[in-house]
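Scope of the values below: all heavy atoms of this structure, side chains included, with no hydrogens, waters or symmetry mates. Proteins get letters first, then strands, A, B, ... in listed order; numbering begins at 1 in each.
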Amino acid sequence: MTIPVHKYDVVIVGAGGAGLRAALQVSEAGLKTAVLSKVFPTRSHTVAAQGGVAASLGNVTEDNWHWHMYDTVKGSDWLGDQDAIEFMVKKANEVVVELEHFGMPFDRLDSGKIYQRPFGGHSQNYGEKPVNRSCAAADRTGHAMLHAMYQRNVKANTQFFVEWMALDLIRDEDGDVLGVTAMEMETGEVHIFHAKATIFATGGAGRIYYSSTNAFINTGDGVGMAARAGIPLEDMEFWQFHPTGVAGAGVLITEGVRGEGGILRNASGERFMERYAPNLKDLASRDVVSRSMVTEINEGRGCGPDKDHVLLDITHLSPETIMKRLPGIREISIQFAGVDPIKAPIPVVPTCHYQMGGIPTNYKGQVIVPKGDEKSVPVGGFYAAGECACASVHGANRLGTNSLLDLLVFGKSSGESVVEDLKGNPRAHKPLPANAADVSLARIARLDNQKNGESVHEVRLAMQRTMQKHAGVFRFNDLLKAGVEEIKKVAERAKTTEIKDKSKVWNTARTEALELDNLIEVAKATMISAEARKESRGAHVRDDALDTAETPAGRDDKNWLKHTLWYSEGNRLDYKPVNLQPMSADVESIALAKRTY
Amino acid sequence: MSANTKRTVQFKIYRYDPDKDNAPYMQDITVELEQSDKKLLDALVRLKVKDDSLAFRRSCREGVCGSDAMNVNGKNRLACLTDVDELPQPIVLRPLPGLPVVRDLIVDMTQFFKQYHSIKPYLINNDPPPERERLQSPEEREELNGLYECILCACCSTSCPSFWWNPDKFVGPAGLLAAYRFIADTRDQATNERLDNLEDPYRLFRCHTIMNCVDVCPKGLNPTKAIGKIKEMMVRRAV
Ligand SMILES: Cc1cc2nc3c(=O)[nH]c(=O)nc-3n(C[C@H](O)[C@H](O)[C@H](O)COP(=O)(O)OP(=O)(O)OC[C@H]3O[C@@H](n4cnc5c(N)ncnc54)[C@H](O)[C@@H]3O)c2cc1C
Ligand code: SF4
Ligand code: SF4
Ligand code: FES
């Protein structure tokens with residue numbers, strides 16, 4: 001069988017915020033670029049982002065990048081790399097202003113400048129009080145941003161392959177990346193995209209958990225493809241549970257609601273965050289708020305007949321504020337919680353939301369792996385940005401609004417690096433290995449021929465329940481240990497899933513089966529990395545990490561101030577140091593300290 | 001409340017797989033829903049457990065991505081924003097009308113996006129960009145409300161008779177709404193060019209104010225009003 005081959009300078013997989021920003025950079029530089037996406041670009045999950053994008057514009061309250069950097073490092077529980085963080089916060093104003101120039105309909109202040117609201121963990125003067133740093137378009141910031149960037153790409157004539165699903169990464173004997181295999185969903189045909197540079201911008205994998213704010217399509221495809229191709233995954237034990245998912249439905253209620261004055265209350269109506277975070281209260285960092293909520297629920301102060309959630313109250317805000325600043329939230333609340341937040345509080349629970357770890361990169365978006373004695377050697381031709389990548393700016397816990405910023409900054413820098421790297425090295429395409437498509441074809445043939453297997457639905461559900469039970473908001477030594485065995489069993493089951501639908505045309509059963517392979521890689525990486533990390537840090541909190549003078553709140557900097565690297569082959573773990581050194585002399589390293597809000 | 005119990009729901013669904021079917025047919029199928037299945041999309045996902053060959057698009061499941069528009073009991077809607085218990089049964093599901101069917105509930109949206117692209121859906125401003133953001137007053141920004149929120153689901157255009165008859169010539173409500181979104185933006189400098197682009201017996205003027213589009217938009221947007229404003233501007237420009 002001959003496989004059609006498409007030759008491009010650059011292939012970008014993913015057309016969410018990160019992919020579209022990268023695409024602009026390379027298209028406008030005149031490189032021949034193909035952007036692949038499983039869904040029409042504006043259907044990517046960036047569209048669901050609500051609250052805003054961080055930049056220290058200082059339009060409402062005084063602000064600067066030093067404070068933003070401090071908040072981000074502290075939010076990351078010092079696991080973030082300070083060079084990448086410095087790079088990101090310094091670029092924030094530039095990329096947000098650029099977005100405005102692209103046509104993004106930000107809300108406005110009376111001064112005509114971009115509207116900014118407070119957000120969790122973002123502060124003035126190194127933790128003193130909340131700051132208005134989140135640049136917002138009502139509570140539809142992601143939608144406004146994604147559409148504006150898609151539109152700009154239409155202007156730039158970017159070439160999209162819509163509803164094409166990338167299946168596997170192509171690497172040659174030197175380990176260089178030469179593109180991907182991809183399936184056209186309408187025909188079921190597999191093609192090769194042969195490129196000098198490949199950028200992954202495939203988003204997160206929140207669907208490894210049973211309860212998630214993530215879209216159906218967030219199945220960690222890029223992360224899974226990288227892992228299968230021998231690239232290690234970084235810090236996959238760190239998952240953010242967002243404090244306010246609609247109880248039962250999982251749909252997100254943005255932190256912007258608390259930024260506008262919303263208050264969390266327990267069954268007795270108490271504003272319990274005052275006890276856990278006296279300074280920032282409801283606007284403390286997400287991991288802190290989520291744990292406080294779960295503690296309230298576990299100690300019997302939850303709301304509702306099953307005492308299984310808490311309430312998010314904005315009934316004290318004026319209906320005008322709610323209609324103007326939070327119209328989407330009101331819609332979601334009515335649709336999915338059955339309450340109008342103008343009149344009654346919204347039932348919420350912590351819900352899996354964001355993957356802090358991912359494909360390891362530097363601040364240029366180059367994918368980096370250990371090689372010999374060196375810990376960070378770029379992989380030829382391979383770049384990653386956005387939620388699928390780990391730069392690492394979010395460390396052990398991401399601050400709200402820093403992800404949309406991450407997409408813009410690292411989407412752009414990965415594009416710039418590609419332009420740079422191809423200019424400095426105008427090599428022709430390296431020849432494709434003869435077996436470039438074999439792995440993908442075998443995966444599809446396996447599905448075509450499988451008999452007596454379990455359904456994809458069953459295995460996926462088993463995975464999601466295992467993750468939810470064994471690697472949730474609070475983690476327990478014995479549950480993690482059992483979880484490792486459980487998830488390995490589920491991974492075995494995933495090898496023999498059976499689909500009934502054998503059609504070539506728009507076979508969504510097949511797509512879901514192929515996605516499951518990626519989810520499984522992510523789930524294994526998460527469980528195994530989490531079991532191994534014997535401390536509490538950011539979003540990873542375990543029962544047996546004790547609060548001592550040497551290990552405040554269970555954080556053990558002596559032994560665990562390091563990044564995890566998980567390899568799919570043999571479930572091997574490795575570690576690399578955290579970069580505590582900023583990029584420039586403009587700022588000193590933010591010194592380790594106990595994290596309180 | 002009925003939403004909180006297990007219940008059986010009856011469907012009549014348009015099925016067509018060009019790989020094996022000679023012609024489309026309507027499939028009768030029932031499914032037992034779990035307590036937590038509230039939306040039509042939840043029911044379809046449940047159905048797919050039973051019959052994995054049912055093809056439909058979906059992603060966000062919260063009404064922002066625009067993937068799962070379909071014709072439900074004769075009306076175009078998003079499955080994820082439709083309460084399943086409110087629908088009379090059997091629930092009749094068909095692909096969006098007026099576009100070629102690829103398979104089952106999946107239509108070919110090429111024509112729809114072509115029209116969207118034809119209005120130059122991007123900000124045109126040829127001044128050198130300033131150092132900081134361009135200024136816009138809250139009132140000027142408010143002009144974009146009711147326009148920028150479009151999720152390109154195509155519920156409107158595929159319920160518009162004028163679009164059915166002339167999908168290649170009439171821009172359709174979604175595209176025209178987008179055209180007005182840029183005309184209404186104080187930062188955009190191409191109003192005249194945009195009006196020229198629509199000055200044509202078909203592109204704009206095929207709209208006969210039938211209002212189907214307003215009726216079905218799941219985001220509560222009003223393409224007819226936007227179209228009216230464009231027509232007004234044309235008239236004003238002519239005198
Ligand atoms: C409900 C919600 C609200 C949020 N709100 C905020 C917020 O207010 N502020 C903030 O900073 N962050 C927010 N976040 C986080 C942020 O939105 C995401 O981290 C970010 O949008 C991810 O963008 P991305 O470009 O990396 O990926 P995505 O936008 O998820 O895009 C992934 C792209 O990859 C494509 N793709 C994936 N797999 C394949 C494949 N195999 N083949 C081809 N294409 C593929 C998809 O089609 C898609 O185009 C929110 C997240 C959620 C879930
Ligand atoms: S009002 Fe115009 S655009 Fe809307 S449905 Fe009627 S003819 Fe179509
Ligand atoms: S105007 Fe409404 S119905 Fe039409 S595409 Fe946009 S969101 Fe959908
Ligand atoms: S699934 Fe996104 S709009 Fe319904």
Heavy-atom proximity to chain B below 4.5 Å, by part of [X]:
{"X": "A:Ser212", "result": "backbone"}
{"X": "A:Arg207", "result": "side chain"}
{"X": "A:Met185", "result": "neither"}
{"X": "A:Glu458", "result": "neither"}
{"X": "A:Val97", "result": "side chain"}
{"X": "A:Phe106", "result": "backbone"}
{"X": "A:Ser44", "result": "neither"}
{"X": "A:Phe102", "result": "backbone"}
{"X": "A:Ala249", "result": "backbone"}

Leading residue by heavy atom contact count with chain A [cutoff under 4.5 Å; candidates [options]]:
{"options": "B:Gly63, B:Cys153, B:Pro129, B:Ala178", "result": "B:Pro129"}
{"options": "B:Tyr148, B:Phe182, B:Tyr122", "result": "B:Tyr122"}
{"options": "B:Asp188, B:Asp83, B:Leu144, B:Leu123", "result": "B:Leu123"}
{"options": "B:Pro18, B:Cys60, B:Pro130", "result": "B:Pro130"}
{"options": "B:Asp108, B:Asp17, B:Leu81", "result": "B:Leu81"}
{"options": "B:Gly66, B:Ala55, B:Ser137", "result": "B:Gly66"}

State whether a side-chain donor-acceptor pair under 3.5 Å links B:Thr186 with B:Gln136. yes
Below 4.0 angstrom, N of the basic side chain to O of the carboxylate: do B:Lys38 and B:Asp85 qualify?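 Salt bridge flag = no for B:Asp85 with B:Lys38.
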Give a yes or no on whether a salt bridge exists between A:Arg330 and A:Asp139, defined as a side-chain N under 4.0 angstrom from a carboxylate O.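 Salt bridge absent between A:Arg330 and A:Asp139.
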Given that the side chain runs from C-beta out, which part of [X] has a heavy atom under 4.5 Å from chain A: side chain, backbone, both or neither?
{"X": "B:Ser67", "value": "both"}
{"X": "B:Ile151", "value": "both"}
{"X": "B:Lys39", "value": "side chain"}
{"X": "B:Leu147", "value": "neither"}
{"X": "B:Glu149", "value": "both"}
{"X": "B:Phe56", "value": "backbone"}
{"X": "B:Ile106", "value": "side chain"}
{"X": "B:Arg132", "value": "both"}
{"X": "B:Leu152", "value": "both"}

Counting heavy-atom pairs under 4.5 Å to chain B, which of [options] comes out on top?
{"options": "A:Lys38, A:His45, A:Glu94, A:His147", "result": "A:His147"}
{"options": "A:Lys155, A:Arg152, A:Lys500", "result": "A:Lys155"}
{"options": "A:Lys504, A:Glu98, A:Glu100", "result": "A:Glu100"}
{"options": "A:Leu99, A:Val39, A:Asp107", "result": "A:Asp107"}
{"options": "A:Val456, A:Ile114, A:Thr42", "result": "A:Ile114"}
{"options": "A:Thr511, A:Val96, A:Val505, A:Thr508", "result": "A:Val505"}

Is it the case that the side chain of A:Asn153 and the backbone of A:Met149 share a donor-acceptor pair, with hydrogens and angles ignored and the cut-off at 3.5 Å?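 Looks like yes, one N/O pair under 3.5 Å.
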B:Tyr14 atom OH, neighbour heavy-atom count above 12 within 6.0 Å: yes
Are there more than 12 heavy atoms of other residues, nucleotides or ligands under 6.0 Å from atom CG of A:Asp110?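 Not more than 12 within 6.0 Å, no.
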Contact summary for [X] and [Y], nearest pair of heavy atoms:
{"X": "B:Cys155", "Y": "B:Thr158", "answer": "O-OG1, 3.5 Å"}
{"X": "A:Ser211", "Y": "A:Gln468", "answer": "N-OE1, 3.1 Å"}
{"X": "B:Val171", "Y": "B:Gln115", "answer": "O-CB, 3.4 Å"}
{"X": "A:Leu57", "Y": "A:Gln116", "answer": "CB-OE1, 3.7 Å"}
{"X": "A:Ile346", "Y": "A:Ala337", "answer": "CG2-CB, 4.2 Å"}

How long is the straight-line distance from OG1 of A:Thr141 back to NE2 of A:His143, given to the nearest 0.5 Å? 11.5 Å
Give, for atom CZ of A:Arg43 and atom OG of B:Ser59, the distance between the pair rounded to the nearest 0.5 Å. 9.5 Å
Quick check, are the ring centers of B:Phe113 and A:Phe160 under 6.0 angstrom apart?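 Centroid separation for B:Phe113 and A:Phe160: 6.0 Å or greater.
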Sequence neighbours excluded, every pair satisfying salt bridge (Lys or Arg N to Asp or Glu O under 4.0 Å) that has a member inside residues 44-66 of chain B: A:Glu163-B:Arg57, A:Glu512-B:Arg58, B:Arg15-B:Asp51, B:Asp37-B:Arg46
Step by step, work out the salt bridge (Lys or Arg N to Asp or Glu O under 4.0 Å) result for B:Arg103 and A:Glu186. CA-CA 9 Å; B:Arg103 176 176 175 180; A:Glu186 188 174 331; over 6 Å; no
Set of residues satisfying ring-ring contact (aromatic ring centres under 6.0 Å, His included) with respect to B:Tyr16, sequence neighbours excluded: none
